[in-house]
Amino acid sequence: MRLRNIPAAAPAVEASPWCIKDASSHRGCWSDLFQNDHPIHLEIGMGKGQFLMQLAAAHPQINYIGMERYHSVLYRALQKFEEQPLPNLRFLCEDAAKLPEFFAPEEIAQIYLNFSDPWPKDRHARRRLTSRQFLERYDAVLSPGGCIEFKTDNTGLFDFSLEECQAAGWTLVGCTRDLHHDESMNQGNIMTEYEERFSGKGNPICKMIIRHTP
C-alpha cells in the first residue's frame, strides 16, 4: 500500500491527547487510564477510524483502543475524531508486533482486524496479521473466551488465515465468504471506509470469528 506522506502528521499525532504515548507504561493498568473497569476491545490497523468510532459511540460500556502504525493514516482518524471525541476511545501509533509489550495477559477482551495488508509474497507471510506468529501474540493478551473478528476482501488472505488459525489451535466460531448476504453474520455489522467502497461495487466481503481453545 502506497501512503501519502503528510509532513504535519507525526507532530500532530505526538501532540494529541487522544494518542497514548509510552504504551508499555500502561501495561496491566489500562483500566486506570480509562478510569473504569470496562472490557477493552482493540482494533489493529484501524485506518481512518470510521469502524472504531461508530463502534465506540454505540457501546459506551466498552473501552476501545485503535492501533495504527502509520502517522499519516492515524492523523486522518484523529482529525475526524476531534470533531466529536468519545471518552471510551484512545489511539496507539505502534507496531502490532510489539503487542505483548503494551498489554498484560488477559487484558484485551476482543480484537478486530479489518482489511489488513495481505503481504502477497510468500516470504512476507509472517507479517500478515493473521499469521500464526501474530495469533500467538493475540493469545498472549486476550482474556479467556476472547475472540478475534477478521474481515477482508482478499480471498487468498482469507484462505491463508483459515489455515493458520486451524494450525495454531484456534476454534472457528463463525465464517462467511459473502458477509453482506449472510443474515446471521452481517447482523450489527459496521462497515469501514474501504468496505463501503469495495462492497459498493458488488464485491463480496469475507469474515471469520475465531477463539483460542487452550
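What you see is a predicted model, and the numbers here were worked out from it, not measured in a lab.
- Linking ILVMFWY residues whenever their side-chain heavy atoms come closer than 4.5 Å, directly or via other members, places Leu78 and Leu89 in the same cluster.
- Between Gly49 and Ala77, the closest heavy-atom pair is N-CB, 4.1 Å.
- In this structure, Val173 is not a member of the same hydrophobic cluster as Leu113, with clusters built from ILVMFWY side-chain heavy atoms closer than 4.5 Å.
- Atom CZ of residue Phe103 and atom CH2 of residue Trp30 lie 5.0 Å apart, to the nearest 0.5 angstrom.
- Note that CG of Leu99 is 5.0 Å distant from CD1 of Ile44, once rounded to the nearest 0.5 Å.
- Closest approach of Ile190 and Phe51 over heavy atoms only: O-CD1, 3.2 Å.
- Across all non-hydrogen atoms, the minimal contact from Asn36 to Asn63 is OD1-ND2, 2.7 Å.
- Crowding of Gln61 atom CD: a count of heavy atoms from other residues, nucleotides or ligands under 6.0 Å exceeding 12.
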With side-chain contact (heavy atoms from CB on, under 4.5 Å) as the test, would you mind laying out the steps for Glu101 and Arg27 before giving the verdict?
-> CA-CA 7 Å; Glu101 297 178 24; Arg27 187 178 187 272; 5.8 Å; no

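- Between Phe198 and Tyr194, the ring planes are parallel. Angles under 30° get that label, and only those over 60° would be called perpendicular.
- Residues Gln50 and Gln54 meet the side-chain proximity criterion, which asks for heavy atoms closer than 4.5 Å.
- Formation of a donor-acceptor pair under 3.5 Å by the Asp182 side chain with backbone atoms of Met185 is found in this model.
- Here Met67 contributes atom CE and Leu129 contributes atom CG; the two are 10.5 Å apart, rounded to the nearest 0.5 Å.
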Taking only distance into account, with no hydrogens and no angle test, what donor-acceptor pairs under 3.5 Å do side-chain atoms of residues 158-167 form with protein atoms, sequence neighbours excluded?
unit_1 : atom_1 : unit_2 : atom_2 : d
Asp159 : OD1    : Arg177 : NH1    : 3.1
Asp159 : OD1    : Arg177 : NH2    : 2.7
Ser161 : OG     : Thr130 : OG1    : 2.6
Ser161 : OG     : Leu157 : O      : 2.7
Glu164 : OE1    : Arg132 : N      : 2.8
Glu164 : OE1    : Arg132 : NE     : 3.0
Glu164 : OE2    : Arg132 : NE     : 3.3
Glu164 : OE2    : Arg132 : NH2    : 2.7

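- Within the 4.5 Å cutoff, no side-chain heavy atoms of Glu106 are placed close to those of Leu142.
- In this structure, Tyr64 and Asn88 have side chains that are in contact, with non-hydrogen atoms separated by less than 4.5 Å.
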For His212 and Thr171, run side-chain contact (heavy atoms from CB on, under 4.5 Å): C-alpha distance rounded to whole Å, both residues' side-chain angles, the deciding distance at 0.1 Å, then the answer.
-> CA-CA 6 Å; His212 191 252; Thr171 300; over 6 Å; no

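- A cation-pi geometry, defined here as NZ or CZ lying under 6.0 Å from the six-membered ring centre and within 45° of its normal, does not hold between Arg128 and Trp119.
- When the shell of 6.0 Å around CG of Asp37 is examined, it contains 12 or fewer heavy atoms from other residues, nucleotides or ligands.
- Residues Met46 and Leu86 share a hydrophobic cluster, clusters being chains of Ile/Leu/Val/Met/Phe/Trp/Tyr side chains in contact below 4.5 Å.
- For the pair Lys151 and Glu195, the salt-bridge criterion is met [side-chain N within less than 4.0 Å of a carboxylate O].
- Atoms CD1 and CG, from Ile148 and Leu42 in turn, are 10.0 Å apart once rounded to the nearest 0.5 Å.
- When every heavy atom of Ile6 is checked against every heavy atom of Ser72, the shortest pair comes out as N-OG, 3.3 Å.
- Evaluated for a side-chain hydrogen bond (donor to acceptor under 3.5 Å, both in side chains) with Gln110, the options His41, Glu43, Glu149 yield exactly one hit, Glu149.
- From Glu94, atom CD reaches atom SG of Cys19 across 8.0 Å, with rounding to the nearest 0.5 Å.
- Shown here is His124, whose NE2 atom has more than 12 heavy atoms of other residues, nucleotides or ligands within 6.0 Å.
- Using a 4.5 Å heavy-atom cutoff, the side chains of His26 and Leu33 are in contact.
- Residues Tyr112 and Phe150 keep their aromatic ring centres 6.0 Å or farther apart.
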From CA spacing to verdict: side-chain contact (heavy atoms from CB on, under 4.5 Å), Asn154, Phe115 = CA-CA 8 Å; Asn154 188 303; Phe115 302 92; over 6 Å; no

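- Counting heavy atoms from C-beta on, the side chains of Ser16 and Glu82 come closer than 4.5 Å.
- With hydrophobic clusters built from ILVMFWY side chains whose heavy atoms lie under 4.5 angstrom apart, Ile40 shares a cluster with Tyr138.
- Side chain of Arg211 to backbone of Gly145: a donor-acceptor contact under 3.5 angstrom is found.
- Across all their heavy atoms, Pro60 and Ala57 have their closest contact at CD-O, 4.0 Å.
- Looking at Lys80, Lys48, Arg76 one by one, the single match for salt bridge (charged side-chain N to carboxylate O under 4.0 Å, His left out) with Glu193 turns out to be Lys80.
- You'll find the side chain of Val13 stays beyond 4.5 Å of the side chain of Tyr70, heavy atoms only.
- One distance of note links CZ of Phe34 with SG of Cys29; it measures 12.0 Å at 0.5 Å rounding.
- No side-chain heavy atom of Met208 sits less than 4.5 Å from a side-chain heavy atom of Cys206.
- The backbone N or O of Asp22 lies less than 3.5 Å from a partner atom in the side chain of Ser25, making a donor-acceptor pair.
- In this structure, Gln187 places its CD atom where only 12 or fewer heavy-atom neighbours from other residues, nucleotides or ligands lie under 6.0 Å away.
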Test Ile209 against Lys207 for side-chain contact (heavy atoms from CB on, under 4.5 Å), laying out the working first.
-> CA-CA 7 Å; Ile209 303 173; Lys207 179 176 179 177; 4.1 Å; yes

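- Under the 4.5 Å side-chain heavy-atom criterion for grouping Ile, Leu, Val, Met, Phe, Trp and Tyr, Ile62 is connected to Leu52 within one hydrophobic cluster.
- Pro85 approaches Glu83 most closely through the heavy-atom pair CD-C, 3.9 Å.
- Contact annotation: the side chain of Glu107 never approaches that of Val141 to less than 4.5 Å [non-hydrogen atoms, C-beta and beyond].
- Considering Val73, Leu74, Ile20 in turn, Leu74 is the only one that fulfils the side chain to side chain contact (heavy atoms under 4.5 Å, CB included) rule with Cys93.
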